[in-house]
Amino acid sequence: MEREDFLQKTLETESTLFHVAFSILHEEQDCADAVQEAITKAYAQREKLQNSDYFKTWLTRIVINECYNLLRKKKRYTNLCEETVADKEYLQEYIKEEYLDLYQAINKLEEKEKICVLLFYMEDYSVAQIAEVLKIPGGTVKSRLNRARKQLKGLLQE
Amino acid sequence: MSKEIFKEIPQGFHEQFLDTLQQLESEQKPTGVKKFAVKKAVLLVAAIVAAMGTLTAGAVGIFKWHEAAKERLGVSEEVADKLVMEGVAKEEYAVVEKDDVTIEAVMSVGTDRGYYLLFRVAASEKLMLTENTSFAQLEVVSDKEFAGITCGMMPDSLEGNAALFEVELLRKENMDYAGEEVGIQFIHFAETDKVSVTEVLVESTWEIPITLPSTQESRMFVQSGVFTADFHQLNITGVEISSSVIRLYGEHWRDLYHVTDKQSIQPPTIRYKDGTLLQPHAGVGQTGYNGDTQTEEGYVEFRLDVTMDVENVEALLFEDCEIVLGESMEPYGDAFENPCNMEEVIKAENPEDLKVLYVYHTNHAVIYDEQKLYLWDTVCNHAEELVDLKEIGYNAEAGGEMLVSPGQMMRILPNADSDKVYIVRLGYGLDAENKVIESPRESAWDNANWVVYTMDVPYRVVSEDGSFAGMRLEEVE
């Protein structure tokens with residue numbers, strides 16, 4: 001993939017990359033660092049991407065991996081993140097007020113289900129695209145979405 | 001639901017995003033300059049780690065611990081004095097006065113995670129310090145990278161027109177910062193809400209130089225034994241001790257959980273090699289737990305109110321059992337009786353190509369080249385092939401990673417696209433059997449819940465005569 005093409009396509013995915021990173025890391029600066037690292041890695045490996053149609057899912061996957069890498073490095077301090085998500089005042093900086101309860105409920109889901117919900121409902125990814133991002137079968141994506149829907153219903157009724 | 005749930009992308013993120021693209025456009029490697037926004041009250045209490053002796057007992061009286069720091073770090077009088085003697089806690093004297101703000105360094109303390117720094121901030125009559133004033137940004141000027149920074153005004157510390165400001169620098173594993181000179185830059189005095197700057201009151205930068213105090217890496221013992229507590233028996237695989245923290249590693253985290261869940265284990269009495277005992281005060285130590293659901297590896301942690309002389313600890317005496325440190329350390333497999341020729345096992349063309357992933361028990365090393373990963377007993381000159389890296393598609397340039405956890409369990413992610421992770425479990429004792437388990441990436445890597453030891457180890461493999469028989473580990477300065 002040519003450099004200009006890479007930069008243009010990356011620019012187009014900015015909001016998705018932030019949303020995905022924020023849902024995992026909850027800290028703006030961590031998101032910026034993880035996305036920066038992911039873009040740098042992706043750029044170095046851009047020749048390996050055979051079909052540019054898969055650019056967005058490919059880059060999203062790298063960002064998700066970087067976020068988890070960062071989380072692992074910060075493993076001992078993750079209770080900070082938990083506090084952050086519970087802090088509505090903090091979340092209001094990033095999430096629209098009317099969706100705060102929903103966002104907090106989504107964050108109570110298991111990590112693997114949370115990512116599926118985020119990509120499917122907020123980023124308009126198809127089941128096939130999510131399967132490509134997470135490298136899991138489409139059926140698994142569907143069952144995770146189904147399970148997540150049930151849990152969300154329960155969480156929002158509490 | 002739709003993506004409208006999010007507000008606009010934050011400016012700070014957007015700027016760094018554009019910077020990254022611009023640097024790639026000009027073919028520069030992004031610099032990754034990190035800016036740490038000031039947050040309030042984000043410090044967590046850290047355990048103290050003691051180190052080399054630098055002061056005499058008489059000098060301790062001269063040093064005054066700031067009461068707020070003592071309380072914040074949960075340090076008893078006894079530990080406080082000892083930390084001063086050992087050079088882990090020290091008074092700071094640097095002051096910078098500029099643009100109606102005076103910042104005074106108060107003290108620095110080495111913790112188990114890095115460094116706790118305490119400052120006093122005072123404003124002139126032209127400015128009013130409140131619960132909502134702080135600095136817009138904090139940066140650390142240093143040749144060495146830190147794993148992270150947390151900082152903020154200490155809650156309830158406002159007195160007159162002055163308040164205390166805390167900074168915690170989190171160190172990277174295996175990196176030594178003792179004696180390192182760093183500059184703590186406080187940038188722009190500002191009005192803030194809980195998380196962000198609402199108005200910059202003074203545009204300026206104040207820098208305070210700090211020479212970081214000593215810390216000491218914890219010591220890890222390979223251990224086999226049974227730990228009994230509260231009618232639960234746990235198979236212990238490792239013990240880690242630093243001056244005020246003891247961790248018992250075991251393979252069955254659920255059992256560990258049940259034990260800690262009871263909240264009934266008291267910290268152990270420490271027995272030194274000369275037979276003397278050190279008794280933490282009952283009920284003051286804490287137990288903690290961290291475990292890995294995939295590998296069932298976890299630990300029980302005790303944070304003590306006394307400091308140990310780590311080098312001279314012989315045993316940990318619990319109510320129901322005694323753990324003698326290092327007693328079970330034995331060579332791997334039958335290597336001791338049947339030393340083998342390294343050349344038969346390691347086919348690398350040159351020892352200089354071999355890198356060290358991990359060294360433990362002082363004479364066991366996990367080494368690798370582009371082809372394979374080996375376990376090497378440097379005393380018995382025995383080596384065993386653990387993983388054929390080429391066969392599993394390992395490629396560091398394509399995002400492959402090898403990490404080690406405290407219980408000497410390694411995980412190998414062959415490359416960024418791999419859906420598999422290889423977990424290497426090293427046995428111990430005479431019946432040692434090393435296993436390589438293939439696991440789904442999703443559970444064993446992406447969602448793993450484990451403490452990471454990086455492979456940044458201060459050793460390399462050398463062979464003066466170029467032969468395998470002459471191979472040895474050399475410490476890197």
Side-chain angles (χ1 to χ4, degrees), chain A residues 3-4 6-7 10-11 14-19 21-22 28-29 31-33 35-37 39-41 43-45 48 61-62 64-65 68-69 72-77 79-80 83-84 87 89-90 92-96 98-99 102-103 106 110-112 117 120-124 134-136, chain B residues 1-10 12-25 27 29-30 32 34-37 39 42 44 113 147-148 150 170 172-173 193-196 290 397-399 401 403 413 416-419 440-443 445-452 454:
Chain A
R3 182 172 58 184
E4 287 68 27
F6 175 93
L7 296 175
T10 305
L11 200 55
E14 182 184 5
S15 62
T16 295
L17 300 184
F18 175 73
H19 297 160
F22 189 81
E28 184 185 325
Q29 187 58 52
C31 295
D33 293 340
V35 169
Q36 180 182 55
E37 190 64 30
I39 292 173
T40 310
K41 281 187 180 173
Y43 182 76
Q45 295 179 38
K48 291 179 186 168
R61 186 169 73 242
I62 297 174
I64 290 172
N65 286 339
Y68 287 133
N69 278 342
R72 273 197 297 275
K73 288 172 189 163
K74 296 177 70 175
K75 173 69 193 69
R76 294 182 188 181
Y77 320 110
N79 47 347
L80 279 180
E83 283 172 19
T84 307
D87 186 346
E89 215 174 308
Y90 170 73
Q92 272 179 344
E93 290 281 312
Y94 307 99
I95 308 294
K96 289 181 179 171
E98 59 269 35
Y99 293 115
L102 174 63
Y103 184 78
I106 291 171
E110 275 191 40
E111 199 64 41
K112 55 191 180 184
V117 167
F120 189 78
Y121 290 108
M122 298 181 207
E123 303 302 324
D124 295 330
L134 302 178
K135 294 287 180 195
I136 54 176
Chain B
M1 273 188 275
S2 76
K3 68 175 73 177
E4 301 307 319
I5 188 171
F6 282 94
K7 288 184 175 176
E8 281 185 13
I9 296 169
F13 177 91
H14 182 62
E15 284 171 8
Q16 190 168 335
F17 185 86
L18 289 184
D19 278 353
T20 305
L21 296 186
Q22 279 165 6
Q23 286 174 65
L24 291 176
E25 193 170 16
E27 289 286 15
K29 187 173 165 42
K34 293 182 180 180
K35 294 178 177 179
F36 299 88
K39 278 186 72 175
V42 291
L44 297 172
R113 303 195 309 234
T150 55
L170 308 174
K172 289 190 164 181
E173 297 283 357
D193 57 19
K194 200 170 181 185
V195 292
S196 59
N290 196 346
E397 287 179 8
E401 284 187 70
L403 298 171
L413 176 68
D417 294 331
S418 174
D419 59 356
R441 171 184 176 148
E442 185 182 76
S443 53
W445 188 272
D446 294 340
N447 295 324
N449 178 23
W450 41 294
V451 181
V452 174
T454 68

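The chains referred to below are lettered A, B, ... by the order of the sequence lines, with proteins before strands, and numbering in each begins at 1.
For F13(B), the parts sitting under 4.5 Å from any heavy atom of chain A are the backbone and the side chain alike. Only the side chain of F6(A) comes within contact range of chain B, with heavy atoms under 4.5 Å apart. L11(A) touches chain B through backbone and side chain together, each having a heavy atom under 4.5 Å away. Using a 4.5 Å cut-off between heavy atoms, E397(B) touches chain A through its backbone atoms (N, CA, C, O) alone.
Of the inter-residue distances, the one linking I5(B) atom CD1 with Y121(A) atom OH reads 12.5 Å to the nearest 0.5 angstrom. Once rounded to the nearest 0.5 Å, the distance linking CZ of F17(B) with SG of C31(A) reads 12.5 Å.
Within 6.0 Å of CD in E98(A) there are more than 12 heavy atoms belonging to other residues, nucleotides or ligands.
In this structure the side chain of D33(A) reaches within 4.5 angstrom of the side chain of Q16(B), judged on heavy atoms. Between L7(A) and Q22(B) there is no side-chain heavy-atom pair separated by less than 4.5 Å. Within the 4.5 Å cutoff, the side chain of Y99(A) has no heavy atoms near those of the F6(B) side chain.
In this structure, the side chain to side chain donor-acceptor pair (under 3.5 Å) partners of E14(A), at least two apart in sequence or on a different chain, are H14(B). Not counting sequence neighbours, A44(A) has no partner by the side chain to side chain contact (heavy atoms under 4.5 Å, CB included) test.
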For this session: Give the C-alpha distance, both sets of side-chain angles, the deciding distance and a yes or no for side-chain contact (heavy atoms from CB on, under 4.5 Å) between R441(B) and N65(A).
Result: CA-CA 11 Å; R441(B) 171 184 176 148; N65(A) 286 339; 2.8 Å; yes
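The residue among D419(B), L18(B), I9(B) with the most heavy atom pairs within less than 4.5 Å of chain A is I9(B). Chain B forms more heavy-atom pairs under 4.5 Å with one residue of Q45(A), E4(A), E110(A) than with any other, namely Q45(A).
A side-chain donor-acceptor contact under 3.5 Å links K7(B) to the backbone of Q92(A).
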